[in-house]
Amino acid sequence: MKLAICAGPATSGKTAVLRHVTDKLLRAGKKVAFLKIDVQYAEEDEMFAELFGIPTRKVYSGELCPDHCNVMVLGDAIQWAKKNEADVLLVETAGLCLRCSPYVDGGLGLVVLEATSGMNLPLKVGPMLSLADMAVITKIDRVSQAEREVFRARIQDVAPSVLIREVNALHGIGIDPIVEQIDATDEAPERMLLRGNPPVGTCTICVGKKEVGWQSHFGVVRPLENQTFYRGE
Amino acid sequence: MIESISLLGGHGRGGEPDLVSRIDFQMGDVVSIVGPTGSGKTTLINDMELFADGNTPTGRRVLVNGVRPPAEFRNNPAANPIALITQHTSFLSDLPVREFLKTHARIRSADPSRIADTVSRTLAFANELTGEPIVLESRMTELSGGQSRALLIADATIVCDTPIVLLDEVENAGIHRSRALELLREHRKVFIFVTHDPRIALLSDYRIVMKQGAITQLLHTDEQERRCSVTVGRVDDMMSTLRERIRLGQRLQDFEMGAVA
């Protein structure tokens, strides 16, 4: 079974992209299972079950970071998808904290970004983009072609090795390269590791030390100077 | 080297077939797409820009030099031989004009030493088309509709320098259309205008007529229309003059209407 994990900011078009991907995979005779991870509300699982009649699940991360929740539940989800004899497990997750990414080694990492989101977005989303295998750009019909080209260049500047594909997710145009990339992905291995290093899980602020200023803290401290661009490594 | 681009007919929204099965655009052709609002003109140029291969809602296909174009054209926008200027007149890019043009010139040009020159030529071209000149320091989002469109036309012609340029309803943009046509004619490309403007339509070599989503006719501009286009040009120039006077807060005088009244 192959695994594809899809992340991206809210309203970027993840569900619309995955809907067309699912449709194409099913047409190619593949069995698909779908898992949605969100913080507190999602209905994509019902939508996919109704549209395609495929096994779907959802999990709410609640107070847990959705990316961490993904790590927690992914083992069970793979067993579940295998029990349903799926050829492909699609996982849609809200990438929220921008410090870690939900992708795992051995699975395909997709990030969905909207062309309308501004030229600095690629610089802002951190490892959700830089650790992905493929960036899917949606809403391309809403911006000029010149802007599309510059947006793409901004992504390449941040993440030179990430494949970039532009899609019109309304009409399902440009979806084939994503399906081909899923086909080209290896079978998900037994033991999987989160891609890239997780960020610091607990800092002194997390445990309740409320004093302002890094001098009052220990362990991981961050002065205003020496900011580096966080790539999730 | 691109010598021709071909459009193979598909069908309209309701399934009615395109009545023209193939159109071959040659370098240097100036073409108009005409038809009522909602007749599928924008869809047609979107098909071309996407290199449709039976995979768009119209089922149309696009060939380059008679064969299916390489995937590179679709996968890498900087290698795309088609530049599309949409009806969107507002930019979403939160960048200064200079940085936007520099970035675009960098990805479109193989020679980094020419970027500054490309940027200044693009700006000069755009400023021939607008009333209020664009300055490089202003942000893209601050440009007016006319300035945006002028900048996009200049960008497509100078920065992209693609062999094929698609322009969606430039007449609505508040730019100097006749100057734009003059400047564009200096470049040997295929220009395809979606237009409601008789002047642009009659200055085209031929026009594609659309109805209810489908292509119904291909009309070559004939001798009578070419003669007619001179008068149409005069009427249009007069309208431009009137428009300009109104803009400048001047009063109109009766004799200006004399030529057509």
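If you're wondering where the values come from, they're calculated on a predicted model, not measured in any experiment. Chain letters run A, B, ... following the sequence lines, proteins first, then strands; residues in each count from 1. What's counted below: heavy atoms across the whole structure, side chains too, no hydrogens, waters or symmetry copies.
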Q.
Please classify the contact between Ile82(B) and chain A as side chain, backbone, both or neither, with a heavy-atom cut-off of under 4.5 Å.
A. backbone
Q) Does any heavy atom of chain A fall under 4.5 Å from the side chain of Leu152(B), the backbone, both, or neither of them? A) side chain
Q.
Using heavy-atom distances under 4.5 Å, tell me whether Glu166(A) contacts chain B through its side chain, its backbone, both, or neither.
A. side chain
Q) What part of Leu163(A) gets closer than 4.5 Å to chain B, counting heavy atoms only: side chain, backbone, both or neither? A) neither
Whether over 12 other heavy atoms sit under 6.0 Å from [X] [atom1]:
X: Lys211(B); atom1: NZ; result: no
X: Glu43(A); atom1: CD; result: no
X: Glu182(B); atom1: CD; result: yes
X: Arg61(B); atom1: CZ; result: no
X: Arg114(B); atom1: CZ; result: no
X: Glu137(B); atom1: CD; result: yes

Rounded to the nearest 0.5 Å, what's the gap from [atom1] on [X] to [atom2] on [Y]? Could you check?
X: Asn80(B); Y: Glu149(A); atom1: CG; atom2: CD; answer: 7.0 Å
X: Asn46(B); Y: Ile173(A); atom1: CG; atom2: CD1; answer: 8.0 Å
X: Ser144(A); Y: Leu84(B); atom1: OG; atom2: CG; answer: 9.0 Å
X: Ile107(B); Y: Gln156(A); atom1: CD1; atom2: CD; answer: 7.5 Å
X: Thr86(B); Y: Gln145(A); atom1: OG1; atom2: CD; answer: 9.5 Å

Q. Is a salt bridge present between Glu49(B) and Arg148(A), judged by a nitrogen-to-oxygen distance below 4.0 Å?
A. yes
Q: Give the C-alpha distance, both sets of side-chain angles, the deciding distance and a yes or no for side chain to side chain contact (heavy atoms under 4.5 Å, CB included) between Val150(A) and Met140(B).
A: CA-CA 13 Å; Val150(A) 172; Met140(B) 300 285 284; over 6 Å; no
Q) Top residue by heavy-atom pair count (under 4.5 Å) with chain A, among Val159(B), Thr56(B), Leu95(B)? A) Leu95(B)
Q | Within-4.5 Å side-chain heavy-atom neighbours: Asp157(A) and Arg106(B) | A | yes
